[in-house]
Q: 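What follows is a structure written as structure tokens; I'll ask about it next.
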Amino acid sequence: MDIDNKFLAGPFAPWAEENEAYDLDVEGRIPEDLAGALFRVSSNPRFVPLDLDRYHWWEGDGMVCGIYLREGRAAYRTRWVETDSMRVEVERGEAVYSGFANGGGTPRPLPPGAPPGKNVANTNVGIFDDHLLVYFEGGLPYSMHPETLETYGTYDFHGGVDVLCTAHYKIDPGSGDMLFFAATGPTITWLRAEAKTGAVIDSHSFDITVPVLMHDFAVTANHAVFFVTPAQFRLDHIMAGKPGVVWDEKSLPHGVQIVLLDRRTHTVTWHEVGGHWANTHFYNAYEDNGRLIIDGHRITRLGTPADQLDTPPSSHSWFPPAIPHRWTINLATGTVKEERVSGLAGEFPKINDDYTGRRHRYGYFVTTRGISRDIMSDGLAKHDYLRDTTVVVDGPGPLTSPSEPVFVPRADTIAEDDGYLLTLWWNRETNLTELLIHDAADLIRQPLARVKLPSRVPFGFHGSWADHAVLDHAITQQNQH
Ligand SMILES: [Fe+2]
């Protein structure tokens, strides 16, 4: 493949095999109370993309990696998500669909009955309603067996979601319900799916006037929070072979707006922040004493500028480093205050998910301090919002490019940071991947354990932890089908 495209080279390069291995080599000790599975999904193109220059990281086929931990031992398995669109390409033995981010190539003729667009199923993965679901915001999630990783087909929340939904769902820590949305053009549909049944029990659609690339959002106990920014997702451009991810400042003459949906009344309010920038991901949001606080990362631009659609810049140049920010809305006056939390660039912000919608003290992310050409990230960070301090640790030895940190609380824990941080790192020397387990409360360079995978997991986006009770229940349920 063309190594001029960062997203097809080095640690981003596709890994052509599905793998499994048991009793993995471990340096250090896997904590005995860490029992369950870490699921992550990679962006891993199965066939050579139609346009090598314009191929973007967001367009690779989803390959799920399950790392199963129990009694201090580790096993793992990787399998592609066999979407309907992937099956079309497998039958042809080559790429058929073009890219959507950057206008990547002319699609090959589709056979009768083939999906008109590709569901790359590459963005997030987690267990809900006893299904291991793999998400992509351009289509429905796909369901896989949580142990064999066999793909079953699309999952529509028992008829509650018809076309697509976000990959960035949140789980309500009280009820276990899924809080999420669907974004189609300028229409946002807020959704809540019940933990017990998987059925959608609340929904409300509203118009935000522009087709924002609504990748992530935040929730509080009373509100869902959406940012309206110049980053757009243009299906009409994709159909015309042009870049689908577009930066259009003229569409927002008053700059960025925050839209709040009141979860109790479905009332929608707009709150002006101003300026032209975009969000990548959020840590969390919560309400405190008449204020609504949102923590997330902000970038100066995203996507092909609207006036350069016929000569798009390379994928790498339109995605600058993201900086941690906090937005505070005064719920009485509606005004917004914006603050830069630190100057430390980074991505993939996360919290202890038990604090979703509640006041959190700690945020975890991976740093992008000095991105060299071949890596994704260069350190693991923990920010303390109370003390306004950030700790960053580098990888031990040749390890670099940690993945999004996943926080796993210890059983019967009380302190917010009493748990483990799970990250996948790329070992430059072996060209393989390792799972690192750090003590989140005492974040130091040396992890508690280095779990050595006998393959490389290409860089991907998001994932989650399923504890043994949730995992075992889902496996039992799926085995009965
Ligand atoms: Fe994301």
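Given the structure is predicted, the values throughout are model-derived calculations rather than measurements. Counting starts at 1 for both ligands and their atoms, following the listed order.
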Q: For residues 349-359, pull every pair meeting salt bridge (charged side-chain N to carboxylate O under 4.0 Å, His left out), keeping only residues two or more places apart or in separate chains.
A: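 The answer is D288-R359, K350-D353.
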Q: Output all residues satisfying ring pair (Phe, Tyr, Trp, His ring centres under 6.0 Å) with W277, sequence neighbours left out; order by chain, then residue number.
A: W327
Q: I'd like to know if E404 and R40 make a salt bridge, using a cut-off of under 4.0 Å between side-chain N and carboxylate O.
A: yes
Q: Is D236 salt-bridged to K242, going by a charged N under 4.0 Å from an acidic O?
A: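 The answer is no: the pair does not qualify as a salt bridge.
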Q: Report the protein N/O/S neighbours of the Fe ion (ligand 1) that fall below 2.8 Å; do not count waters.
A: H168 NE2, H215 NE2, H281 NE2, H462 NE2
Q: Please name all residues satisfying ring pair (Phe, Tyr, Trp, His ring centres under 6.0 Å) with F407, sequence neighbours left out, ordered by chain then number.
A: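 F407 satisfies ring pair (Phe, Tyr, Trp, His ring centres under 6.0 Å) with Y364 only.
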Q: Is it true that atom NE2 of H254 has more than 12 heavy atoms of other residues, nucleotides or ligands lying nearer than 6.0 Å?
A: no
